[in-house]
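Each chain gets a letter, A, B and so on, in the order its sequence line appears, and its residues count up from 1.
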There are 2 protein chains.
Amino acid sequence: MERKRADLIADAIEELIFDGTFEDGDRLDEVQLAERFSVSRTPIREALQRLILSGLVEQIPRRGVFVRQPGPVELIEMFEVMAELEAICGRLAASRISDKALADLRAINDRCRTATEAQDADGNYHQNDIFHATLYAQTGNAFLEQECLRLQRRLRPFRRLQLRWRGRMAQSVAEHDAILAAIESGDGAQAGNLLRQHVTVQGEKFHRLMSSLKPAAE
Amino acid sequence: MERKRADLIADAIEELIFDGTFEDGDRLDEVQLAERFSVSRTPIREALQRLILSGLVEQIPRRGVFVRQPGPVELIEMFEVMAELEAICGRLAASRISDKALADLRAINDRCRTATEAQDADGNYHQNDIFHATLYAQTGNAFLEQECLRLQRRLRPFRRLQLRWRGRMAQSVAEHDAILAAIESGDGAQAGNLLRQHVTVQGEKFHRLMSSLKPAAE
DNA sequence: AAATCCATTCTTGTATACAAAAAATTTGAC
DNA sequence: GTCAAATTTTTTGTATACAAGAATGGATTT
């Protein structure tokens, strides 16, 4: 399943948006991008199509495509959906997970713990993504897994910001422990509730997220 | 904000797949489609991009795009996700719905009932879609609403088939009544469970119908 | 001086031409 | 006659040329 050049370009443009090269509201000029990537406008336009469909940019007919970072409201909404999806995953996984996968999850969370103790935010962040992705796979529902991965990917740059909150990493690891305990005991409802709380943006996390958005809003 | 020609073509091709003009596994020839719609290959390719991203067709690099109808397993998975999403909508709507919207839902279900009594499958089908779409909007979460509409749209041709089951339409209307009662009493958990069951049944009915058709299809 | 209208220019949307890769067919050897 | 290799053909992927709509700027008028 090889990928085309347009896919690579789409990923590259996505990265340029995430790292701040293109800010909210910026127009993505086709000819500039074509020069930057040393290709014609055609593959650029294909790449932009992908980004439009993923919701990362918005197209205004005959005007161009513009970076469209989600505002506070939309972001909260997306996190709410993510929380509910993860709750579903937890509930389903509790009744469908294999012993091996459970051991894998414990091992992944141990690596989260190690990274946390080493103050390694990048490591924690990465292992955390793997933890959740592994959980998705244990729902036994490949379609659900893909949908979760899609939203996880979309929220990635925002989730990363939350790790800057002091003590958040350690708390996250502890929450993973509780989730794993609920899954192991087969208590799907409890696993779901814990996961929903784990992902839901509320209280301190809410303010933290909002203030980190302020600079991007300008 | 109807976009451009490529979007109309994408919808048209989608319709051609749903109505059976293109079957599972068929290759969608770019030049043939270009002739059919009297445009060049460029807008056709853009339309196909959309269908690829929506999962309705599959692209094999350097080979072309092929119609990819979901198999029995994937279909069951999709219905399971739809059921869980609707359950979420029901739970959220129970605490967020307005009195006016509740009255609207009752009116829509009354139209479902009228259509059922008139043996009007098309009418019931249409009003049923509106019923659920209206419910999505009452979650107060526009992102969730859009995601639900997306999956609802994808499952539409399959949901339609289950109405052929004798008595299903009347049962569906009764289930809507129970759901509305739960929402009105503010019992989100109950509303969610009823909706999950309501949609799960659709999937199972469809599954049984499909397996009974399998011999004929081969 | 401000506003409006027209022309120029810039950008997207579409068509076509070209290149590269895969499928199909033909030709040749055993 | 069959299998294989090479060539032809078909089809996708990319580049470029062209058309149409929107923005911009200047000139003219009030």
Spacing of [X] atom [atom1] relative to [N] atom [atom2], expressed in whole Å:
X: B:Gln49; N: C:dG13; atom1: CD; atom2: P; value: 14 Å
X: B:Glu58; N: D:dT12; atom1: CD; atom2: P; value: 15 Å
X: B:Leu28; N: D:dT11; atom1: CG; atom2: P; value: 13 Å
X: B:Arg45; N: D:dT12; atom1: CZ; atom2: P; value: 8 Å
X: B:Arg41; N: C:dT16; atom1: CZ; atom2: C1'; value: 10 Å
X: B:Glu46; N: D:dG13; atom1: CD; atom2: C1'; value: 14 Å
X: A:Leu48; N: C:dT12; atom1: CG; atom2: P; value: 9 Å

Under the ring pair (Phe, Tyr, Trp, His ring centres under 6.0 Å) rule, collect the residues that match up with [X], sequence neighbours excluded.
X: B:Phe143; result: none
X: A:Tyr125; result: none
X: B:Phe22; result: none

So, is A:Arg5 close to the D:dG13 phosphate, meaning a side-chain N or O under 4.0 Å from OP1 or OP2? no
Counting only side-chain N and O atoms of B:Gln59, is one of them less than 4.0 Å from OP1 or OP2 of D:dG13? yes
What pairs with [X] under side-chain contact (heavy atoms from CB on, under 4.5 Å), at least two apart in sequence or on another chain?
X: B:Glu84; answer: A:Ile88, A:Arg91, B:Arg196
X: B:Ala137; answer: B:Glu145
X: A:Arg45; answer: A:Glu30, A:Arg41, B:Glu46
X: A:Ser95; answer: none

For the pair A:Arg36 and A:Asp29, find out whether any cationic side-chain nitrogen is under 4.0 Å from an anionic carboxylate oxygen. no
Any Lys/Arg nitrogen of A:Glu175 or A:Arg168 sitting under 4.0 Å from an Asp/Glu carboxylate oxygen of the other? yes
A:Pro43 side chain, from C-beta outward: closest of D:dA17, D:dA15, D:dT12: D:dA15
Tell me which nucleotide among D:dT14, C:dA15, D:dG13 gets nearest to the side chain of B:Thr42. C:dA15
Listing time: all N or O pairs from protein to nucleotides 5-10 of chain D that are below 3.5 Å?
none

Sub-3.5 Å pairs of nitrogen or oxygen atoms, protein against nucleotides 21-25 of chain D:
{"from": "D:dA23", "atom 1": "OP1", "to": "A:Arg63", "atom 2": "NE", "distance (Å)": "2.7"}
{"from": "D:dA23", "atom 1": "OP1", "to": "A:Arg63", "atom 2": "NH1", "distance (Å)": "2.7"}
{"from": "D:dA23", "atom 1": "OP1", "to": "A:Arg63", "atom 2": "NH2", "distance (Å)": "3.4"}

So, using salt bridge (Lys or Arg N to Asp or Glu O under 4.0 Å) as the criterion, who are the partners of A:Arg156 when residues are at least two apart? A:Asp129
Contacts to DNA chain D from residues 33-40 of chain A, heavy-atom cutoff under 4.0 Å, which residues? A:Val39, A:Ser40
Of all pairs that satisfy salt bridge (charged side-chain N to carboxylate O under 4.0 Å, His left out), the ones with a partner from residues 95-105 of chain B, not counting sequence neighbours: A:Glu80-B:Arg96, B:Lys100-B:Asp104
